[in-house]
Amino acid sequence: MNSKLYPSGETSVLVLQGGGALGSYQAGIFEALAESRIEVDWIAGISIGAINAAIVAGNPPERRIERLRGFWELVSSGFTAMPAFPGEQARATFNEVAAGWVASVGVPGFFAPRMPPAFLYPPGAPQALSLYDTGALKGTLERFVDFDRINGGETRLSIGAVNLRSGNFVYFDNRHERIGPEHVMASGALPPGFPPVEIDGELYWDGGLVSNTPLDYVLDTERQRDLVIFQVDLFAAHGPVPRTLTEAAEREKDIRYSSRTRLNTDKNVEMRKARRAVRRLIEKLPAEMLADEDVGFLRRISHANFITLMQLIYRRKPYEGNSKDYEFSRATMLEHWQAGRNDVVRSLRHPAWRERAHNEAGVAVFDLTRDARD
């Protein structure tokens with residue numbers, strides 16, 4: 001990755017949503033971006049997105065794909081059987097069996113059922129707060145991530161979590177503090193499956209409890225430099241009307257964890273239109289008013305950088321169900337990875353992307369893998 005395929009002066013950002021086993025889609029996304037020689041200056045992630053983000057930021061460019069692949073091969077090594085029969089129904093059965101296996105025995109290098117079970121511990125004991133023990137994840141992160149490299153700041157890393165006591169959303173950012181394995185684990189500590197993680201005397205849970213995407217953090221934090229954002233969503237907001245109780249549970253999960261990217265984008269388009277209108281209005285003021293304190297304040301806050309946003313949204317397969325975010329089989333991992341690669345290749349080749357240009361709205365949004373179901 002030794003050159004950029006977008007205008008100089010723009011900062012490239014990879015935004016990674018939470019979604020458990022679906023996270024190998026993000027790994028495929030990154031691999032295809034790297035092969036297209038697109039450098040990533042800043043990575044923001046939540047939950048599994050924080051893990052993938054830490055692996056990327058915590059390795060030199062030439063080792064990032066190798067480290068991502070090593071992690072995903074490890075966590076999918078508990079169920080390496082391949083589907084024996086063709087057809088959607090057979091594959092749906094395979095996926096449910098694989099997910100059931102994970103629920104029973106856990107995921108290598110990630111989490112394992114708590115023994116003894118949580119209900120046998122007294123109230124207030126740390127072990128009483130989760131079904132699984134994530135102690136193995138710390139060692140896995142230390143194996144695949146160089147935290148000294150992260151804290152060197154070559155690539156910006158931002159990961160979101162929720163303070164258990166206050167309920168407030170917080171971001172750990174290597175521009176402002178040192179990042180360690182505990183920060184990454186906190187971002188992925190989804191209750192009641194995983195235990196909260198203590199950092200500096202405070203307990204934290206998964207950032208997805210408040211917002212499953214770091215997009216707003218990126219847009220609110222950087223208002224000066226133009227941004228090219230690759231927004232990777234693991235749950236699609238659009239979807240079919242459910243027909244069964246199982247399908248209803250899956251649809252509820254999709255809606256709850258989807259990033260509402262289009263809603264956030266529409267909001268930012270309107271904000272940028274308003275800022276540009278303020279600046280045009282200031283230009284029309286008589287010279288004697290330009291020194292006014294209120295005019296100076298409006299001039300400062302009305303600066304609007306240009307946002308180019310490519311949406312890369314995982315579209316579920318017909319045979320995937322409510323367990324898709326904890327179905328860590330090797331076969332499904334490889335499918336998700338390849339789907340991410342394919343979506344990047346299709347998007348980068350699309351004429352709309354190749355011919356993109358700045359516009360008056362201040363935001364250009366591209367969703368170039370949408371299909372007829374959307």
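We count residues from 1, following the sequence as given. Just so it is clear, the model here is predicted, and its values are computed rather than measured.
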If a pair satisfies salt bridge (Lys or Arg N to Asp or Glu O under 4.0 Å) and one of its residues is in residues 131-143, list it, with sequence neighbours excluded. Lys138-Glu142

Is Phe94 isolated, or which residues cluster with it under the ILVMFWY side-chain rule of less than 4.5 Å, directly or via members? Phe79, Val97, Trp101, Val105

Side-chain (Asp226) to main-chain (Phe306) donor-acceptor, under 3.5 angstrom: yes

Check: Tyr204 ring centroid to Phe172 ring centroid under 6.0 Å: yes

Ile301 atom CD1: more than 12 heavy-atom contacts under 6.0 Å: yes

After noting the C-alpha distance and the side-chain angles of Leu137 and Ile51, does the key distance pass the side-chain contact (heavy atoms from CB on, under 4.5 Å) rule? CA-CA 10 Å; Leu137 180 57; Ile51 294 176; 4.3 Å; yes

Going hydrophobic residue to hydrophobic residue with side-chain gaps under 4.5 angstrom, can you get from Tyr319 over to Met82? no

Think Arg69 forms a cation-pi with Trp337, using NZ or CZ under 6.0 Å from the six-ring centre and within 45 degrees of its axis? yes

Heavy-atom closest pair, residues Ala53 and Leu16: N-CD1, 4.0 Å

Is there a side-chain contact (heavy atoms from CB on, under 4.5 Å) between Glu320 and Thr332 once you walk through the steps? CA-CA 10 Å; Glu320 290 181 312; Thr332 301; 4.3 Å; yes

Lys/Arg-Asp/Glu bridge criterion (N-O < 4.0 Å) met for Arg156, Glu222: no

Measuring from atom CE of Met185 to atom CG of Leu141, what distance do you get when rounded to the nearest 0.5 angstrom? 7.0 Å

For the pair Phe194 and Tyr132, name the ring-plane relationship: parallel under 30°, tilted 30 to 60°, perpendicular over 60°. perpendicular

Taking a hydrophobic cluster as the set of Ile, Leu, Val, Met, Phe, Trp and Tyr residues connected by side-chain heavy atoms closer than 4.5 Å, whether directly or through intermediates, do Phe366 and Ile229 fall within one such cluster? yes

Same cluster or not: are Phe119 and Leu129 linked, directly or through other Ile, Leu, Val, Met, Phe, Trp or Tyr residues, by side-chain heavy atoms under 4.5 angstrom apart? no

Minimum heavy-atom separation for Pro196 and Ala189, please, with both atom names. CA-CB, 4.4 Å

Step-by-step side-chain contact (heavy atoms from CB on, under 4.5 Å) determination, Val56 to Val40: CA-CA 9 Å; Val56 172; Val40 175; 5.7 Å; no

Same hydrophobic cluster for Leu348 and Val15, using side-chain heavy-atom links shorter than 4.5 Å among ILVMFWY? yes

Would Asp254 and Lys324 count as a salt bridge (Lys or Arg N to Asp or Glu O under 4.0 Å) if you check the C-alpha gap in whole Å, the side-chain angles of each, and the deciding distance to 0.1 Å? CA-CA 11 Å; Asp254 285 344; Lys324 61 190 175 186; 2.8 Å; yes

Please report the closest heavy-atom contact between Ile46 and Gly208, naming both atoms and the distance. CG2-N, 3.5 Å

May I ask you to test the Tyr326-Val107 pair for a side-chain heavy-atom distance under 4.5 Å? no

Got a second to check how far Ile43's CD1 is from Phe30's CZ, nearest 0.5 Å? 6.0 Å

CD of Glu177: more than 12 outside heavy atoms within 6.0 angstrom? yes

Just to verify, which of Phe328, Tyr314, Tyr25 counts as forming a ring pair (Phe, Tyr, Trp, His ring centres under 6.0 Å) with His336? Tyr314

Using atom types as modelled and distance alone, determine if a side-chain donor or acceptor of Arg165 lies under 3.5 Å from a backbone N or O of Glu202. no

Are any side-chain N or O atoms of Glu327 and backbone N or O atoms of Ser329, one a donor and one an acceptor, separated by less than 3.5 Å? yes

Output yes when a side-chain donor or acceptor of Asn52 lies under 3.5 Å from a complementary backbone atom of Gly23, and no otherwise. yes

Quick one: do Asp367 and Arg315 satisfy salt bridge (Lys or Arg N to Asp or Glu O under 4.0 Å)? Show the steps, please. CA-CA 12 Å; Asp367 182 359; Arg315 267 79 180 191; 3.3 Å; yes

Can you see which heavy atom on Leu157 is nearest to which on Trp42, and at what distance? N-CD1, 4.4 Å

Intermediate values then yes/no, side-chain contact (heavy atoms from CB on, under 4.5 Å), Ser347 and Thr369: CA-CA 7 Å; Ser347 296; Thr369 61; 3.4 Å; yes

Just do the side-chain hydrogen bond (donor to acceptor under 3.5 Å, both in side chains) check on Asp325 and Tyr257 with the steps written out, would you? CA-CA 11 Å; Asp325 56 335; Tyr257 289 122; over 6 Å; no

Just verifying a value: how many Å separate Ser302 OG and Met271 CE, rounded to the nearest 0.5 Å? 12.0 Å

Could you point out which residue of Glu250, Glu96, Lys253 forms a side-chain hydrogen bond (donor to acceptor under 3.5 Å, both in side chains) with Ser323? Glu96

Min side-chain heavy-atom separation Ile55-Arg63 under 4.5 Å: no

Exceeds 12 heavy-atom contacts within 6.0 angstrom, atom CD of Glu293: no

Where Pro240 and Arg251 come nearest, the two heavy atoms and their spacing: O-CD, 3.4 Å

Look up atom CH2 in Trp72 and atom CZ in Arg330, then write down how far apart they are to the nearest 0.5 Å. 12.0 Å

Where is the tightest heavy-atom contact between Ser187 and Ala50, given as atom of each residue plus distance? OG-CB, 3.4 Å

Could you tell me whether a side-chain N or O of Asn359 sits under 3.5 Å from a main-chain N or O of Val363, the two making a donor and an acceptor? yes

Atom CD1 of Ile48 and atom CG of Leu190: how far apart are they, to the nearest 0.5 Å? 11.5 Å

Glu182 meets the side chain to side chain donor-acceptor pair (under 3.5 Å) criterion, sequence neighbours left out, with none

Do you reckon Ile65 sits in the same ILVMFWY cluster as Val75, going by side-chain contacts under 4.5 Å, direct or chained? yes

Quick one: does any side-chain atom of Asn163 pair with a main-chain N or O of Asn168 as donor and acceptor, under 3.5 Å? no

For atom CZ of Arg175, decide whether the heavy atoms of other residues, nucleotides or ligands shown that lie under 6.0 angstrom number more than 12. yes

Using only atom types and a distance under 3.5 Å, with no angle test, would you say the side chain of Arg279 pairs donor to acceptor with the backbone of Arg276? no

Exam field: side chain Gln17 to backbone Leu234, donor-acceptor pair closer than 3.5 Å: yes

Please check if the number of heavy atoms outside Asp200 that lie under 6.0 Å from its CG is greater than 12. no

Could you give me the CA-CA distance, side-chain angles and deciding distance for Asp206 and Ser47, then say whether side-chain hydrogen bond (donor to acceptor under 3.5 Å, both in side chains) is met? CA-CA 6 Å; Asp206 192 305; Ser47 198; 2.7 Å; yes

Any donor-acceptor pair under 3.5 Å from Asn174 side chain to Ile179 backbone: no

Heavy-atom distance under 4.5 Å between the side chains of Phe110 and Thr140, does that happen here? no

Are side-chain heavy atoms of Pro126 and Glu198 found at a separation under 4.5 Å? no

Using atom types as modelled and distance alone, determine if a side-chain donor or acceptor of Asn305 lies under 3.5 Å from a backbone N or O of Arg225. yes

Please round to the nearest 0.5 Å and tell me the distance separating atom CD of Glu88 and atom OG1 of Thr93. 11.5 Å

